[in-house]
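One structure is given here, and the rest of the page talks about it.
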Amino acid sequence: MSDPNETFVNPDGARDGGRQLGVAGSTLASRWAQHAATISSLNASAPWGTDEPGKEFNKHYLEGKDAPATSVLTGGKTIVDLVKVLGPDVTSAVDGTVEVDDMVDKWFGGEDK
């Protein structure tokens, strides 16, 4: 019976999961870039018009740091950029943990088994 306070990770499985997460993050980043470019292009054409009501709408929709369109595009990119590095970070963490475990095993006589 295993100790309930122990944690075990299958390194190969975790690395594979990290690789899959990396692919998903790259795919998400690529698709986000395409959609964000489309949205930016549509916004640039000012479909709401350039008359006074259109300018007033644009002032609240697109201009300024708290404008909803700007916030969604900026916030979305921030999230996508973080998700994109999760897979490589997981793989790196697993590799580092395995390396430390192997070193501790060597230091404390694991080779004599």
Side-chain angles (χ1 to χ4, degrees):
M1 182 151 179
S2 66
D3 181 349
N5 296 317
E6 285 186 29
T7 300
F8 176 79
V9 173
N10 176 322
D12 293 333
R15 283 186 196 103
D16 185 49
R19 281 189 290 275
Q20 290 177 37
L21 186 55
V23 169
S26 292
T27 300
L28 175 65
S30 174
R31 290 182 182 168
W32 174 260
Q34 291 171 348
H35 291 302
T38 299
I39 292 167
S40 293
S41 175
L42 291 170
N43 286 340
S45 69
W48 43 83
T50 57
D51 57 0
E52 283 308 310
K55 288 177 183 176
E56 187 66 18
F57 174 84
N58 188 55
K59 183 171 80 174
H60 296 286
Y61 174 71
L62 198 57
E63 296 175 358
K65 76 173 193 147
D66 292 330
T70 304
S71 296
V72 167
L73 291 172
T74 303
K77 182 173 180 349
T78 299
I79 292 168
V80 167
D81 288 347
L82 292 171
V83 171
K84 187 177 176 182
V85 298
L86 284 177
D89 284 353
V90 166
T91 302
S92 179
V94 170
D95 290 342
T97 300
V98 168
E99 184 178 313
V100 168
D101 284 351
D102 289 346
M103 190 180 333
V104 169
D105 187 49
K106 180 180 175 185
W107 286 349
F108 293 100
E111 294 179 327
D112 295 338
K113 292 179 187 175

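- Under the 3.5 Å distance criterion, the side-chain polar atoms of S41 are left unmatched by any main-chain donor or acceptor of A37.
- Sorted by first and then second residue, the side chain to side chain donor-acceptor pair (under 3.5 Å) pairs involving residues 71-83 (not counting sequence neighbours) are K77-D81.
- Grouped with L82 in a hydrophobic cluster is no other residue, since no side-chain heavy-atom contact under 4.5 Å to another Ile, Leu, Val, Met, Phe, Trp or Tyr is found.
- Heavy atoms only, all atoms of each residue included: A14 and V94 are closest at CB-CG2, 3.5 Å.
- In this structure, P88 and G22 approach most closely via the heavy-atom pair CD-CA, 4.2 Å.
- Counting only residues at least two apart or on different chains, the side chain to side chain donor-acceptor pair (under 3.5 Å) pairs with a member in residues 82-103 are R15-D95.
- The side chain to side chain contact (heavy atoms under 4.5 Å, CB included) check on A67 picks up T70, with sequence neighbours excluded.
- Annotation: salt bridge (charged side-chain N to carboxylate O under 4.0 Å, His left out) contacts involving residues 54-63, sequence neighbours excluded, comprise E52-K55, E56-K59.
- Every residue two or more places apart in sequence or in another chain that forms a side chain to side chain contact (heavy atoms under 4.5 Å, CB included) with I79 is listed here: V83.
- Taken from CG in N43 to CG in N58, the straight-line distance is 8.0 Å, to the nearest 0.5 Å.
- For residues 17-38, there are no salt bridge (charged side-chain N to carboxylate O under 4.0 Å, His left out) pairs, not counting sequence neighbours.
- In terms of the side-chain hydrogen bond (donor to acceptor under 3.5 Å, both in side chains) criterion, H35 has no residue partners (sequence neighbours excluded).
- Under the rule for a side chain to side chain contact (heavy atoms under 4.5 Å, CB included), the partners of L42 that lie at least two apart in sequence or sit in another chain are T38.
- Grouping the Ile, Leu, Val, Met, Phe, Trp and Tyr side chains by contacts below 4.5 angstrom, directly or via other members, places W107 with V100.
- Cluster partners of W48, using a side-chain heavy-atom cutoff of under 4.5 Å among ILVMFWY residues and allowing indirect links, are F57, Y61, L62.
- Considering only residues two or more places apart in sequence or on other chains, N10 meets the side chain to side chain contact (heavy atoms under 4.5 Å, CB included) condition with F8, D12.
- V9 and L86 are members of different hydrophobic clusters when ILVMFWY side chains are connected at heavy-atom separations under 4.5 Å.
- Cluster annotation: I39 and W32 are assigned to the same hydrophobic cluster (Ile/Leu/Val/Met/Phe/Trp/Tyr, side-chain heavy-atom contacts under 4.5 Å, transitive).
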